[in-house]
Amino acid sequence: MTGSDASTPQPAAGAPAAPAPFTADDYRARMERAVRDATAAGLAGVLVAPGPDMVWLTGYQPPADTERLTLLVLTPDTGPVLVVPKLEAPDAAKSVGAPALTLRDWTDGADPYAVTAPALTAGGRYGISDNTWALHLIGLQKTLPGTSYAPLTNALPMLRAVKDAREVERLAAAGAAADSAYEEIKKVPFAGRRETDVAADLAGLLRGSGHSQVDFTVVGSGPNGANPHHEAGERVIENGDMVVLDFGGLCQGYGSDTSRTVHVGEPTEEERRVHDVVRAAQRAACDAVRPGIACQEVDRVARAVIDSAGYGEYFIHRTGHGIGVTTHEPPYMVEGEELPLVPGMCFSVEPGIYLPGRFGVRIEDIVTVTETGGRRLNTTERGLAVVG
């Protein structure tokens, strides 16, 4: 039986209603916040290449693979400046955030770094987006040799970490869409089908629930579930398999990411016990979320439950990661991360146990920090579901 057979699930029930679009004022406020944060960090400004930072700050999404310099310059002196190739300037001018920007274009054959230089301070230190091409960074250094640069992940780790209410609304909608896909995938046959067949079903359900982009559909059956990042393969799922499902993508511009573990047929006592330990660890970590505690405390709480049950060596990854306009971003729930949780942060809580050569278990929800605690954005049942 394959994903194209008559048993293929129907699309999840309807895409979530579209929230109100962001406005130029929203993007202006984000850019102003970036400048304030940069100044507080001792930086002369922020430089942003095409990618998620630019989309979040301006609403403009230029071609990510272009070799032509496109750069957003945010400093307290010049106001927002977007340097763009002349052939792409009309598209930039149509972006929602354009009214909050000054566009400076350049033509092929001209020096784009000379066009950028007047917006920079000769001896300044700038935060620069992590995905900036080395070609462009070296070009800036050659034009302004006194400048220095630090990756934004290190220089401004909180830049996108704290979401406003409208961003949380989008993340909640993305979570609800992924939850809808999970409820439907439990209805399909698992036994006798390849992991790739179930993964294809999941991808279709995510799109049917409103996702514009599917980033991953992990289906780890039996021993494959003991690899946290196993990608769906050709293994045929068997009766008696534990199956880790981890899936997500972008819905209305914001990420979803959830994991549930199901069992094909009735599980053994040991399988139930391991699942119960992971469920208890995940619940304890979610319950621990509140403003003021360090990110690493969330990891410590989950790890303590698994350690006390004797499975500590089999919990082999961090407890969580931030989520927003990308499915993985700061902050990270990991030992050594001392950033305090603040209201508006959104991140995964996903402990797991992985028994090599046998099976794995992971349970994951997206959680947002509120004024008094935490709120899960995924609401599906976390018990060990039995599938056919």
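Values below: every heavy atom of this structure, side chains too, minus hydrogens, waters and symmetry copies. On a predicted model such as this, the values are computed, not experimentally measured, just so you know. Numbering starts at 1 and runs along the sequence shown.
- The cationic atom of Arg362 (NZ for Lys, CZ for Arg) does not lie both less than 6.0 Å from the six-membered ring centre of Tyr354 and within 45° of the ring axis.
- In this structure, Ser256 contributes its side chain and Gly249 its backbone to a donor-acceptor pair below 3.5 Å.
- Side-chain N/O atoms of His321 and Glu350 include a donor and acceptor closer than 3.5 Å.
- Between Thr132 and Leu137 the shortest heavy-atom distance is CG2-N, 4.5 Å.
- In this structure the side chain of Pro330 never reaches within 4.5 angstrom of the side chain of Glu337, judged on heavy atoms.
- Ser180 and Glu183 form no side-chain donor-acceptor contact under 3.5 Å, judged by distance and modelled atom types alone.
- Counting only N and O atoms by type, the side chains of Gln252 and His211 include no donor and acceptor under 3.5 Å apart.
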Going through the checks in order, is the salt bridge (charged side-chain N to carboxylate O under 4.0 Å, His left out) test met by Lys86 and Asp108? CA-CA 8 Å; Lys86 191 173 186 66; Asp108 285 350; over 6 Å; no

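- Side-chain contact check for Tyr60 versus Val55: every heavy-atom pair is 4.5 Å or farther apart.
- Using a 4.5 Å heavy-atom threshold, the side chains of Thr368 and Ile366 count as separate.
- The environment of Tyr314 atom OH is sparse: at most 12 non-hydrogen atoms of other residues, nucleotides or ligands sit within 6.0 angstrom.
- Shown here is Glu67, whose CD atom has more than 12 heavy atoms of other residues, nucleotides or ligands within 6.0 Å.
- Of the N and O atoms on the side chains of Glu167 and Trp56, at least one donor lies less than 3.5 Å from an acceptor on the other residue.
- Judged by the 6.0 Å and 45° rule, Arg170 forms a cation-pi pair with Phe22.
- Counting only N and O atoms by type, the side chains of Asp53 and Ser129 include no donor and acceptor under 3.5 Å apart.
- In the model, Glu364 has no side-chain atom that pairs as donor or acceptor with a side-chain atom of Thr258 under 3.5 Å.
- Using modelled atom types and a 3.5 Å distance limit, the side chains of Arg303 and Gln296 yield no donor-acceptor pair.
- Between Arg272 and Glu266, at least one side-chain N (NZ, or NE/NH1/NH2) sits under 4.0 Å from a carboxylate O, which counts as a salt bridge.
- No hydrogens or angles considered: nothing links the side chains of Glu270 and Thr268 as a donor-acceptor pair under 3.5 Å.
- Between the side chains of Arg30 and Thr58, no donor N or O sits under 3.5 Å from an acceptor N or O.
- Taking the six-membered ring for Trp and thresholds of 30 and 60 degrees, Tyr182 and Phe247 have nearly parallel ring planes, at less than 30 degrees apart.
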Take Arg300 and Glu297 through the salt bridge (charged side-chain N to carboxylate O under 4.0 Å, His left out) test and state the conclusion after the steps. CA-CA 5 Å; Arg300 288 174 176 177; Glu297 290 302 321; 2.7 Å; yes

